[in-house]
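Throughout, a chain's letter reflects where its sequence line sits, starting with A, and its residues are numbered from 1.
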Amino acid sequence: MATHHPHAPLSLVVTQDRRAASDGDVARGMVVGDEWAIAEAWRRFAPMVLRMAKRILGSQSEAEDVAQEVFYGVFRKAKLLREPDSLRSFVYACAIRALKTELRRRKLRAWLRFDKPEVLACLGSRTMDVESRDLLRKFHGLLERLTARDRLVFVLRRMETMTVEEIATSMEISESTVKRSMAHASSRLSHWIAADPGLAGLLDGERWGE
Amino acid sequence: MTMMSDEGKASRTLDALTDLYATSVEPATPAELDRGLDALLARAASGRPRRPRLVRWSLVGATVALSTLVALKVTSVVHTRLRSVETDALTYRIDGGSVLEGGYLRESGHAGINVFFNEGSKLALTPGTRGRLRAVDKEGALVNIEHGTASFQVKPNNSRRWLVDVGPFLVTVKGTVFTVSWDPLREQFELRLRQGHVVVSGPVSAGEIALRTGQHLIVNLATSATAITEDNPDEESDSVAAPMQQAVTPPSLQPPGVVDKPVGSSRAAVSVPSRTTKTVEHGPWSDELARGHWDRILEDVERIGVEAALGKASSKDLFALADAARYRRRPDLARAALLAERHRFPDSPRSLDALFLLGRTEESREGGAAPALGWYDEYLAHAGGGAFVGEALGRKMILTDKLHGPTQARPMAEEYLHRFPKGSYAGPARALIRTQQ
């Protein structure tokens, strides 16, 4: 008989033999609801998902929320995975889909004026000075103006250093669409930077000593 | 030609901003990961599949919601037009000083500076405080406190955003009354929230900290200590609060390898100032940790004493204590718990993981990079395919680069990319190798 332990002690440490498990084993473990498999999937892929989400959303708390959605979704849909060994790609695709949804939700909220996009709060707080953080806020504001697709493509290509092929596969769009989106995002960002008095000053190369 | 040049500059600026943005995101900390895993497992344990009927009703609900949204949009357009009249640009007047170029506030006397905004908000700088109005417009205000103490009384207004940069911290204001201070010499940040809700982000363990009315946050970067206490409303006054006395004990570093030292003697009892000490005994710490009740664990330790706690707790509870202490930025206590784990349960699988976490704990201290390197080395020497190998190698690479330069760090970067080509430190590793080419 299956038992239910809503408050069972949670094991944060996965035993040694489980860590050596392949991605396929982890995926198969998730299909049958093994707790170790969920923990192991989190351990392997959560750093990547959290970092990508922070870069795309600019918010620590939202990134954590998205990561929860992604992994809960992966846990629930693991049985649909035809090739368990491709768990990593599956997680990537789920993360990108969740981020796209979140960006669109933000746009909708902004359109309805229920709220404003969250401010950039999690970037550079530890290591950067006030001026650098100002620059980040401004740049984040420009990223907010891009469409969800352009923004995702730009961040994945330029910050996550994914290849065009990887982006196309993860986002389920064609490579030519990725290239168009990338060119469009870069062009618009460059245009907005040139038009922003605060950022245009950077063109003189003061900050980076050019 | 000029056009081409401008385009080139814009492109280079975009490159630089993109790099700045990308590198500003730090990898998730073990505390973040642990917290997330706790939440995920709890959700997985209680989650149930969605029933088809629920899905059908969801579609009905979505249709209704869509209709409502369209109606709301129409309303919001009207509202926006009305509000555009209301939300004029913020203006202000200054008593007791003047504003200089760059927005710096200069005190004319010795009574501090008061800034009154036309919407009803107020900012009061205590004498000697150095503040700056970085931006004041119809969107809101960005205020910078470089050192000293400032009180804010911000009138709630959804169409405006108030941000306060205080040293390395950013306070996002939601319409509230609070006092904030930053002492750059002691590297101490304090925020006393009298009313409303703020979110503090910066170099704090939990990423962002949301505070509610009556809470008092103290972060000391020098000692890596964070404390949140509940203020007694009876003790509140309208005057600007004097900075609370720092009640954290400077950490005492212990080099890696001294794991056989009786850990019970460690002076890890960093006292968190608390005016609402509880006397009830709580459940097993591993359970409390899973529920996010970190403070309860720390309260238990304070009540029964550090030595007794470290000497009697189970292996699992020691790890829970270490996690709670790390989340609450009490590295001495975290370190003591991890050393106790090593000392009392040397054959436990957690004992190995404790080596890595000791490294992370040391890193959170000022000057802890070198001892952290030692712990990572020891972990990597024994871990084989351990859970934190990638993280340990990545951290080792970062610290080696920081302490000894990129030449010595390069082999680690190459090893990292070979073993974890898509790992969370792959970006920094590639960047490090690029600088060497």
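- Looking at Tyr21(B), its side chain does come within 3.5 Å of a backbone N or O of Arg55(A) through a donor-acceptor pair.
- Contacts of Leu143(A) with chain B are made by side-chain atoms alone, with heavy-atom separations under 4.5 Å and no backbone atom involved.
- Here the CG atom belonging to Leu17(B) is positioned 5.0 Å from the CD1 atom belonging to Ile193(A), to the nearest 0.5 angstrom.
- Interface remark: Phe75(A) contributes side-chain atoms only to the contact with chain B (heavy atom separation under 4.5 Å).
- Residues Thr18(B) and Met159(A) are in side-chain contact: their nearest non-hydrogen atoms beyond the backbone lie under 4.5 Å apart.
- Interface remark: Phe45(A) contributes no atoms to any contact with chain B (heavy atom separation under 4.5 Å).
- Residue contact with chain B, scored on non-hydrogen atoms closer than 4.5 Å, is absent for Ser187(A).
- Contacts with chain B were tallied for Met52(A), His191(A), Arg158(A), Glu160(A); Arg158(A) has the most, counting heavy-atom pairs under 4.5 Å.
- No part of Asp19(B) comes within reach of chain A, as not one of its non-hydrogen atoms sits under 4.5 angstrom from that chain.
- Closest approach of Ser190(A) to Leu14(B), counting heavy atoms only: OG-CD2, 3.5 Å.
- Shortest non-hydrogen contact noted between Leu37(B) and Ala39(A) is CD1-CA, 3.6 Å.
- Between Leu40(B) and Tyr72(A) the shortest heavy-atom distance is CD1-N, 3.7 Å.
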